[in-house]
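Structure first, commentary second.
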Number of protein chains: 2
Amino acid sequence: MSVPRTLDRTLQALADPTRRAILQRLSSGEARVTEVAEPFRMSLNAVSKHIMVLERAKLVKRRKEGRDHYLSYLPGPMDEAAEWIEHTRNFWSSRLDALERLLRDEDAKRT
Amino acid sequence: MSVPRTLDRTLQALADPTRRAILQRLSSGEARVTEVAEPFRMSLNAVSKHIMVLERAKLVKRRKEGRDHYLSYLPGPMDEAAEWIEHTRNFWSSRLDALERLLRDEDAKRT
DNA sequence: CAAACAATCAACTAAAAGGTTGAATATATT
DNA sequence: AATATATTCAACCTTTTAGTTGATTGTTTG
C-alpha cells in the first residue's frame, strides 16, 4: 500500500507554529531569509533551519539572486494535505451519520 | 494573539502513519487496545503510546469496561484542522489568483 | 581591496519522539 | 486461590528536533 510519506512531511512541517507563521509571512509575496526571520525572537540560524524544513516539505521555494535568497510559497503539499484531511473527515462523517441513523431506527423500532 | 496550540497537537498527531492507521482502524467502530495493536509489527506498548498521543490530541476517546479499554474516534480536532487548512489554502489561492491577474493585466497593457 | 552583509555550515546542547523490555495493576476465569 | 488477560508504568536507548554560538562562503559596496 505504501502510504505517501510526503503527507508525513507536510503535516510535520505544518505542526510547528513558527513554520506556519513563516508561511503566512510569505502570503504577501516573496521575502528574503532575513526579512522572514526579523519578527521572531529566535536566531537567524534557527529560522533558516525552519525554512529548510519547509523547503524539504516543498511548501516553500527558493530563488537565489546574488547573495539574497527569495522565498515563496508553493501550494502543492497544502492542497494534498487538504484533500487527505477532507476525504478522511467526510469518510468518518458518513460513518458517524450511519451509526446515528442505526441507533435512531433501533430506538424507533423499540417504541 | 496566542495561536491555538491544539492545532499543533492535532497536526503533530496526524503526521505519523501509525497513528493515521490507528484512526482508520477505528472507523469501523470501537476497538480495544489489543485489537488496535494487532496488525502492527511494533510492540503493544508502542501502540499504547501512540494511542495516548491521539488521546492527548482529543482525536480518540477511551471508555473503560472492566479490564478492557474501548477506543473510539472523536471528530472535533479533525474538523478544526480541516477548517484551518481549507481556510489557509483558500487564502493563498486568492492571493495567487490576484497575482496572476495582475501579471496578465500588466501584460495586456504592455501590448 | 577592505569592510559589510546575506546566508549557510559545523559543532554542540537539551528536550522530545519512538521504540524496546520487564514489572506492576486491575480484572476475569478456572 | 491461582492463573491468565488487558493494559499501563518505569526505565532505558536511539534518533530527531529545535535551538544556540562561532566560523565560513559568497556577494555587494565604500
Original post:
Toward the 5' end of DNA chain D, which comes first, A:Val53 or A:Asp68, by nearest nucleotide?
Top reply: A:Val53
Any side-chain heavy-atom pair of [X] and [Y] under 4.5 Å:
{"X": "B:Asp16", "Y": "B:His50", "value": "yes"}
{"X": "B:Glu35", "Y": "B:Arg25", "value": "yes"}
{"X": "A:Glu30", "Y": "A:Leu71", "value": "no"}
{"X": "A:Gln12", "Y": "B:Gln12", "value": "yes"}
{"X": "A:Leu59", "Y": "A:Leu14", "value": "yes"}

Original post:
Is the shortest side-chain N/O distance from B:His69 to OP1 or OP2 of D:dT8 below 4.0 Å?
Top reply: yes
**OP:** Using a 4.0 Å heavy-atom cut-off, write out nucleotides 19-25 of chain C from 5' to 3' as B (base contacted by protein), S (sugar-phosphate only) or - (no contact).
**Re:** BBBB---
Using whole Å, report how far [atom1] of [X] lies from [atom2] of [N].
{"X": "A:Arg63", "N": "C:dA6", "atom1": "CZ", "atom2": "P", "answer": "16 Å"}
{"X": "B:Phe40", "N": "C:dG18", "atom1": "CZ", "atom2": "P", "answer": "13 Å"}
{"X": "B:Gln12", "N": "D:dA18", "atom1": "CD", "atom2": "C1'", "answer": "12 Å"}
{"X": "B:Arg32", "N": "D:dT8", "atom1": "CZ", "atom2": "C1'", "answer": "15 Å"}
{"X": "B:Arg56", "N": "D:dT8", "atom1": "CZ", "atom2": "P", "answer": "13 Å"}
{"X": "A:Glu65", "N": "D:dT27", "atom1": "CD", "atom2": "C1'", "answer": "12 Å"}
{"X": "B:Leu14", "N": "C:dA17", "atom1": "CG", "atom2": "P", "answer": "15 Å"}
{"X": "A:Ile51", "N": "D:dA18", "atom1": "CD1", "atom2": "P", "answer": "14 Å"}

Original post:
What do you reckon, is CD of A:Glu83 surrounded by more than 12 foreign heavy atoms closer than 6.0 Å?
Top reply: no
**OP:** Answer yes or no: side-chain N or O of B:Arg67 and base N or O of D:dT5 forming a donor-acceptor pair under 3.5 Å.
**Re:** yes
**OP:** Tell me, please, whether A:Trp84 has B:Arg20 positioned over its six-membered ring: NZ or CZ under 6.0 Å from the ring centre and within 45 degrees of its axis?
**Re:** yes
